[in-house]
**Student:** 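Questions regarding the structure given below will be posed in turn.
In what follows, every chain begins at residue 1, and chains take the letters A, B, ... in the order their sequences are listed.
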There are 2 protein chains.
Amino acid sequence: MEVKLNLSESLEDYLEAIFDLIKENGSARVTDIANRLHIAASSVNQGLKKLNQEGLVSQEKYGPIELTNAGYRAAEKIRCKHQIIYLFLNRTLGVSEKKADNDACGIEHALSEESFEKMVDYLIKNNYLAEQNCAFKLKENKEEKKMTAEQIMLDKISVGSKAKILKVQSKGRLKRKLMDMGLNRGALVEVKGKAPMGDPIEIRVRGYSLSLRQNEAAEILVKEV
Amino acid sequence: MEVKLNLSESLEDYLEAIFDLIKENGSARVTDIANRLHIAASSVNQGLKKLNQEGLVSQEKYGPIELTNAGYRAAEKIRCKHQIIYLFLNRTLGVSEKKADNDACGIEHALSEESFEKMVDYLIKNNYLAEQNCAFKLKENKEEKKMTAEQIMLDKISVGSKAKILKVQSKGRLKRKLMDMGLNRGALVEVKGKAPMGDPIEIRVRGYSLSLRQNEAAEILVKEV
DNA sequence: GTATATTTTTAGGTTAACCTAAAAACGGGG
DNA sequence: CCCCGTTTTTAGGTTAACCTAAAAATATAC
């Protein structure tokens, strides 16, 4: 079931930037978004609040910016539209890469579903676009498949899985200890083993092996990768 | 010399609506613009003030809305962009007329000069557009030619010319008299003759012949046609 | 462990583009 | 000439999207 949410152009831009930054860097930070869109960080902050209310982004104060499933789908759709318009202008009309990309930014907010699909058909017909590409995925999206990994505490990760640290929740001494062990935001951890009662947990991070108590691991918010 | 004025999307829409209404009805009224754009008349009024400041529209309180030369050129450019995008979507991609027109409305504000020209070239190459058409005129526009008739008082119109009444400036008795003679806004007048000292002036309006004193004619704002 | 730098958030603006309601001006009919 | 409906303008909002400056939280460096 397609829900049509009515995002403003700005919010679409924010969403798209978040999507891109997560693809590129693994995470989207307020300042990164602000730099990309050439606006103040405080403006991004306000935008995030709205996206949060719309249920497209999950954001806690000072916490990592993550897309919800709905947010991921919405962002992908916008990104895809952008890409199609870009390809169309650049490949079919021969518009320079820079201008084509720029124009795509503006047009993506205005183009109807119908025109978009006609562009896709045209690109496929002229072999500028393979069918399994971004554009085509859109049509398949109706089957609800899991597109964003869940946020979960490290002690809940099963042995053998890898995850990326989103946030260390605890405060003070404990937090300090965890971060000194290299458990910073963005770090990749692999759960190597768990003792019978789930305590301690053996993990590998940045090339080191560590042993964590369950209550310590329970303070670390991660996303499976 | 191309001056690039930076109009907001709204102001471009206003300008385009004025342009279209003048083509269609011979005049653009605040309420007509408001209806076309589905906004309140007071909003149009504010917009007109801004266009006036930019020197694109000549507007006096309660007076007729006329485009200046600069305004006419700007409006024509926007209209033309709209038309080209419409043709492109509809003819090349087969987008329905309604959606194509709708999308053109949104896209026209975002499309760069480069993309626009590439679209024009494409349309010409595929015979969807004759060279003397709107798009092509744009390229010629560099030579400053007179595109809008001047606003002038009726007593300054030369014998044999036709003009359209924009406004009757006087008040009270005289205004009443003039309007009772059929000299309303929108009426077409033809100057049939002038006495040696320019007084009286013989005109023909709505099938009648009238004789006006010069001071009376000097109260009537017209536009040569 | 504390100081310093960076990031995020809050507080408090501004501007453009809309709105409604009411006042002012206009235009036509008796 | 005066009245009345329509049009235009003014007055006084609201909202979204930005801003700057400063406070609060977090991250890093010594």
**Student:** For B/Leu37 and C/dC18, what is the distance between atoms CG and P respectively, to the nearest whole Å?
**Tutor:** 8 Å

**Student:** Looking at residues at least two apart in the chain, or sitting in another chain, which of them share a ring pair (Phe, Tyr, Trp, His ring centres under 6.0 Å) with B/Phe19?
**Tutor:** B/Tyr72

**Student:** Indicate whether OP1 or OP2 belonging to C/dG28 is found under 4.0 Å from a side-chain N or O atom of B/Asn184.
**Tutor:**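 Yes, such a contact exists.
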
**Student:** Please report the distance, rounded to the nearest Å, between NZ in B/Lys167 and P in C/dA25.
**Tutor:** 11 Å

**Student:** How close or far is atom C1' of D/dT15 from atom CD of A/Gln53, stated in whole angstroms?
**Tutor:** 14 Å

**Student:** Output all residues satisfying side chain to side chain contact (heavy atoms under 4.5 Å, CB included) with B/Asn90, sequence neighbours left out; order by chain, then residue number.
**Tutor:** B/Tyr86, B/Glu97, B/Ala100

**Student:** Any residue in residues 14-22 of chain B with a heavy atom nearer than 4.0 angstrom to DNA chain C? Just list them by number, or reply none.
**Tutor:**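 Of all residues in residues 14-22 of chain B, the ones placing a heavy atom under 4.0 Å from DNA chain C are B/Tyr14.
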
**Student:** Answer yes or no: does a side-chain N or O of B/Ser43 lie under 4.0 Å from OP1 or OP2 of C/dA17?
**Tutor:**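 So the side chain of B/Ser43 is outside the cut-off, no N or O lying under 4.0 Å from OP1 or OP2 of C/dA17.
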
**Student:** With sequence neighbours left out, which residue pairs that include part of residues 31-54 of chain A fulfil the salt bridge (Lys or Arg N to Asp or Glu O under 4.0 Å) condition?
**Tutor:**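 Listed once each, the pairs are A/Glu24-A/Arg36, A/Arg29-A/Asp32.
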
**Student:** Can you sort out the partners of B/Lys118 under salt bridge (charged side-chain N to carboxylate O under 4.0 Å, His left out), two or more places apart, ordered by chain and number?
**Tutor:**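 Salt bridge (charged side-chain N to carboxylate O under 4.0 Å, His left out) check on B/Lys118 returns B/Glu114.
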
**Student:** Could you tell me how far apart B/Ile39 (CD1) and D/dT14 (C1') are, to the nearest whole angstrom?
**Tutor:** 16 Å

**Student:** Do the side chains of B/Glu66 and B/Lys223 get close enough for a salt bridge, i.e. N-O under 4.0 angstrom?
**Tutor:**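 Salt bridge between B/Glu66 and B/Lys223, a charged N being under 4.0 Å from a carboxylate O: yes.
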
**Student:** Tell me every residue that passes side chain to side chain contact (heavy atoms under 4.5 Å, CB included) with B/Ala110, counting only those two or more places apart in sequence or in another chain.
**Tutor:** A/Ile107

**Student:** What is the separation between atom CD on B/Glu54 and atom P on C/dA16, rounded to the nearest whole Å?
**Tutor:**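 Those two atoms, CD and P, are 11 Å apart.
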
**Student:** Using atom names, set out every protein N or O paired with an N or O of nucleotides 2-9 of chain C below 3.5 Å, distance rounded to 0.1 Å.
**Tutor:**
{"unit_1": "C/dT2", "atom_1": "O4", "unit_2": "A/Arg176", "atom_2": "NH1", "d": "3.1"}
{"unit_1": "C/dT7", "atom_1": "OP1", "unit_2": "A/Arg29", "atom_2": "NH2", "d": "2.8"}
{"unit_1": "C/dT8", "atom_1": "OP2", "unit_2": "A/Val30", "atom_2": "N", "d": "3.3"}
{"unit_1": "C/dT8", "atom_1": "OP2", "unit_2": "A/Thr31", "atom_2": "N", "d": "2.9"}
{"unit_1": "C/dT8", "atom_1": "OP2", "unit_2": "A/Thr31", "atom_2": "OG1", "d": "2.9"}
{"unit_1": "C/dT9", "atom_1": "OP1", "unit_2": "A/Tyr62", "atom_2": "N", "d": "2.9"}
{"unit_1": "C/dT9", "atom_1": "OP2", "unit_2": "A/Asn45", "atom_2": "ND2", "d": "2.1"}
{"unit_1": "C/dT9", "atom_1": "O5'", "unit_2": "A/Asn45", "atom_2": "ND2", "d": "3.2"}

**Student:** According to side chain to side chain contact (heavy atoms under 4.5 Å, CB included), who are the partners of A/Ala217, at least two apart in sequence or on a separate chain?
**Tutor:**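 So A/Ala217 forms a side chain to side chain contact (heavy atoms under 4.5 Å, CB included) with A/Leu154, A/Asp155, A/Ile201, A/Leu212.
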
**Student:** With a 4.0 Å cut-off on heavy atoms, is B/Ser8 in touch with a base, just the backbone sugar-phosphate, or nothing at all?
**Tutor:** sugar-phosphate

**Student:** Rounded to whole angstrom units, what separation is found between the CD atom of A/Glu9 and the C1' atom of D/dC18?
**Tutor:** 14 Å

**Student:** Looking at every heavy atom in both A/Lys81 and A/Glu108, which two are closest together, and how far apart are they?
**Tutor:** CD-O, 3.5 Å

**Student:** Rounding to a whole Å, what distance do you find between B/Ile165:CD1 and C/dG27:C1'?
**Tutor:** 14 Å

**Student:** Could you list the donor-acceptor pairs under 3.5 angstrom formed by side chains in residues 39-47 of chain B, with sequence neighbours left out?
**Tutor:**
none

**Student:** What is the separation between atom CD on B/Gln46 and atom P on D/dT8, rounded to the nearest whole Å?
**Tutor:** 16 Å

